[in-house]
Peer 1: 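Can you read through this structure? Questions will come right after.
Quick note on labels: first sequence line is chain A, next is B, and so on, each numbered from 1.
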Number of protein chains: 2
Amino acid sequence: MTSIDDVARAAGVSIATVSRALRGLPNVSDATRSRVKTVADELGYVASAGASGLASGRTLTMGVVVPSVSRWFYQMALEGIDEELRRANYDMMLFNLAARKGDRERVFHRSILRKRTDALIALCLEFTPSEREQLLSLGHPTIVIGGPVKGIRHIGIDERATARAATQHLITLGHRRIAHVGGDDDEGLNRRVPLDRRRGFRDAMEAAGLAVRPEWLLSGRFSLAPSRAVVNEMLASAERPTAIVANSDEMAIGAIMAAHDSGLQVPGDLSVIGIDNHDLAESFGLTTMAQDPFEQGALGARILLDDLGGIVPPRRTSVTAPSHLIVRTSTAPPIH
Amino acid sequence: MTSIDDVARAAGVSIATVSRALRGLPNVSDATRSRVKTVADELGYVASAGASGLASGRTLTMGVVVPSVSRWFYQMALEGIDEELRRANYDMMLFNLAARKGDRERVFHRSILRKRTDALIALCLEFTPSEREQLLSLGHPTIVIGGPVKGIRHIGIDERATARAATQHLITLGHRRIAHVGGDDDEGLNRRVPLDRRRGFRDAMEAAGLAVRPEWLLSGRFSLAPSRAVVNEMLASAERPTAIVANSDEMAIGAIMAAHDSGLQVPGDLSVIGIDNHDLAESFGLTTMAQDPFEQGALGARILLDDLGGIVPPRRTSVTAPSHLIVRTSTAPPIH
DNA sequence: TTGAAAGCGTTACCAC
DNA sequence: GTGGTAACGCTTTCAA
């Protein structure tokens, strides 16, 4: 509750000087500055964020919109964003949509627009036209991580090429009967991601002249248990694939577990490849197309902070993040 | 950028009236209120959080301090907190310590104290005396979730009793040679949690007159891979336990995987029980002592919001959250 | 029911 | 190098 006046009085200077001294601005004598700092410390004074935001127009806060906080990709991206923010002394305001359609309106309208953030970073979201308009009308730097959104710059891997490379890996090993575990994501998330990945799968199959069988296009709802279930079902039929491409590592692990459920060996009877390089991938020996959401998040934050810094002109272009193959023990040539 | 004056002007009323109308305060005629609302909507006006915080003293923001965002417990608690906050129209400021000792000072001093939050909720943290003092001097409602902290109310399960119950389950099944996978957590987290759980293990063993062998007290560093490694090592020795109690489900899953690595059957050759009821527990058929961090987080938030509401006198007591046994397929009587 | 005006705690500009 | 003083955009009393 001690405010700037208290410090000014105790240090025998004006509040203007206190403000300058504490923020490291020039035109304060060393003697004064150190006295002010000491006094402020003793009094436990810290400037009120709200007041300085009002006066300066900068809140030193970044808004982060996430669809949920309980998925690997978002966690990693969050940590990456956080890493950059703390470096710049920025705080983070977290807006969790929690996949609740109804709350989006609230978040977009009431919270985000309340001028309490200097910039906004959104993870893997799809926006309605009205939402996008609100964002843009806000006028502050914005970036999307995870999936391309029309009219907003974004950071993300080339989804299609990544899925193609995953599929290609299996084809190169000699597989010809390959299934795909994809599936729509929750509503409101970026639907292009699963679609693009499936398209990449198709690309590779067609390029190799292999058939894409409709009954081998599964939906694993982006998580382990559903994936395990559908893969188990597929493995029960007369004819089964020798390999599986999954849209995410969690689903790939579900596929591996399904193989075990069905008494099949991985990679002996079934090869499995995922996308992500999830924390658990190594433990399961999962071959995967690795991406680095931590770094994607960090880069996004860095770009926004640069924009805010105003030193360099804001970059208007999107960034394609790298992905690369990590071969472990879940893939091998098929046994003929 | 449109501010209250714009609305006032456009609606032909004073800013005071706009403020009252928009916030649903009494003493505004229906006609006026609806006109103001319409105008505000058209202009896309939303009150500035900073300004209203300054004027009213309430920021409508809750601070949440987490050690990291990538562990199941924290994720769930965060989602629970978030659920309550949105209900009360509160926003969330996330302070991620990310286990970096050095940043704690920054978080505690610069950020948290900046009067930008009305209340604070901390997850599984241990505080230095100075940190605790700063928190308390802030004077706003605070609560800890996860581990007891001296002088601050908290919400959490009875760690000791929970671990005791887990061990008891194995003993009841007939096990006599039981190992424990515990291990210190990262620095700065609440160290009482792992200690109390190990103590609970000891309690149950001693009560049953069973020996606690030092070489069967393992450290799995609270995650899957390290746990798997140490358990593998243990299983390689001549004499091995018939059952394992792990301090967390992630470590328990590591133990299950280790059993497989070693060619042992679960639960045939080795029973495993965990604590948490992690998302993956069901997929692994893991028997566990379930707790509900989502609910713990939600409750914490609710308590703080109640305090802020000022309707009821703030509750000063801590809350013991429930935990209960869920039997799946990872535990069974030992084969003699 | 409404309006005027005094804060709220800073920052930033302009004098000195 | 330092101090005075308008903003900043609201909320909240007090009068009307």
Peer 1: Closer to the 5' end of DNA chain C via nearest nucleotide, is it B:V28 or A:V46?
Peer 2: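 Final value for this comparison: B:V28.
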Peer 1: Taking any heavy-atom pair under 4.0 Å as a contact, classify A:R58: base, sugar-phosphate, or nothing.
Peer 2: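 Counting heavy atoms under 4.0 Å across all strands, the contact made by A:R58 is with sugar-phosphate only.
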Peer 1: Under 4.5 Å between any side-chain heavy atoms of B:D6 and B:Y45, yes or no?
Peer 2: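 Answer no - side chains too far apart.
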Peer 1: Examine distances only and state if a side-chain atom of B:R33 and a backbone atom of B:L25 form a donor-acceptor pair shorter than 3.5 Å.
Peer 2: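 Looks like yes, one N/O pair under 3.5 Å.
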Peer 1: Could you tell me how far apart B:R114 (CZ) and C:dT10 (P) are, to the nearest whole angstrom?
Peer 2: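 Rounded to whole Å, this separation is 9 Å.
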Peer 1: For B:V69, run the side chain to side chain contact (heavy atoms under 4.5 Å, CB included) check against A:L94, A:V66, A:V69 and tell me which one passes.
Peer 2: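 Of the listed residues A:L94, A:V66, A:V69, the side chain to side chain contact (heavy atoms under 4.5 Å, CB included) partner of B:V69 is A:V69.
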Peer 1: Please report the distance, rounded to the nearest Å, between CZ in B:R20 and C1' in D:dT11.
Peer 2: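 So the two atoms are 10 Å apart, to the nearest Å.
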Peer 1: What is the distance from CG of A:D6 to C1' of C:dG9, rounded to the nearest Å?
Peer 2: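 To the nearest whole Å, that distance equals 11 Å.
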Peer 1: Has the side chain of B:D91 got a donor or acceptor atom that lies under 3.5 Å from a matching backbone atom of A:F95?
Peer 2: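 Judged by distance alone, no pair lies under 3.5 Å.
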Peer 1: Tell me whether A:N89 at atom CG has more than 12 heavy atoms from other residues, nucleotides or ligands lying less than 6.0 Å away.
Peer 2: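 Correct, the count exceeds 12.
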Peer 1: On the nucleotide D:dT11, are OP1 or OP2 found under 4.0 Å from the side-chain N or O atoms that B:S19 carries?
Peer 2: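 So the side-chain polar atoms of B:S19 do come within 4.0 Å of the phosphate oxygens OP1 or OP2 of D:dT11, strictly under.
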Peer 1: Do any N or O atoms from the side chain of B:R35 and from the backbone of B:A11 form a donor-acceptor pair under 3.5 angstrom?
Peer 2: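 At least one qualifying donor-acceptor pair exists.
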Peer 1: For the helix from C:dT1-D:dA16 to C:dC16-D:dG1, what angle separates the axis at the start from the axis at the finish, each from five pairs, in steps of 10°?
Peer 2: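 Axis-to-axis angle, ends of the helix: 30°.
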Peer 1: Check nucleotides 5-9 of chain D for protein N or O atoms closer than 3.5 Å to its own N or O atoms and list the pairs.
Peer 2:
from, atom 1, to, atom 2, distance (Å)
D:dC8, O2, A:A55, N, 3.4
D:dG9, N2, B:A51, O, 3.4

Peer 1: Would you say B:R33 places a side-chain N or O within less than 4.0 Å of OP1 or OP2 belonging to C:dT1?
Peer 2: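 For C:dT1, OP1/OP2 do not have a side-chain N/O of B:R33 under 4.0 Å.
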Peer 1: Are the side chain of B:S19 and the backbone of B:I15 linked by a donor-acceptor contact shorter than 3.5 Å?
Peer 2: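 No.
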Peer 1: Counting side-chain heavy atoms from C-beta on, which of D:dT12, C:dT2, D:dT2 comes nearest to A:S29?
Peer 2: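 Closest of the options to the side chain of A:S29: D:dT2.
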Peer 1: Under a 3.5 Å distance rule, please check whether A:R153 uses its side chain to pair with a backbone N or O of A:T317 as donor and acceptor.
Peer 2: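 Answer holds: no.
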Peer 1: Measure the distance from CG on B:N27 to P on D:dA16 and round it to the nearest whole Å.
Peer 2: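 Value for this atom pair: 18 Å.
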Peer 1: Side chain of A:R23: nearest nucleotide among C:dG3, C:dT11, D:dT11?
Peer 2: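 Looking only at heavy atoms from C-beta outward on A:R23, the closest nucleotide is C:dT11.
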Peer 1: D:dT2, OP1 or OP2 - any side-chain N/O from A:T32 closer than 4.0 Å?
Peer 2: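 It does, given that an N or O in the side chain of A:T32 lies less than 4.0 Å from OP1 or OP2 of D:dT2.
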Peer 1: Using only heavy-atom distances, determine whether the side chains of B:R116 and A:T59 contain a donor-acceptor pair under 3.5 Å.
Peer 2: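 No, A:T59 and B:R116 have no side-chain donor paired with an acceptor closer than 3.5 Å.
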Peer 1: Can you tell me the distance, in whole Å, between the CG atom of A:L25 and the P atom of D:dG1?
Peer 2: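 Rounded to whole Å, this separation is 13 Å.
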Peer 1: Measuring to OP1 and OP2 of C:dG3, would you say a side-chain N or O of B:T17 lies under 4.0 angstrom away?
Peer 2: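 B:T17 to C:dG3 OP1/OP2: side-chain N or O found under 4.0 Å.
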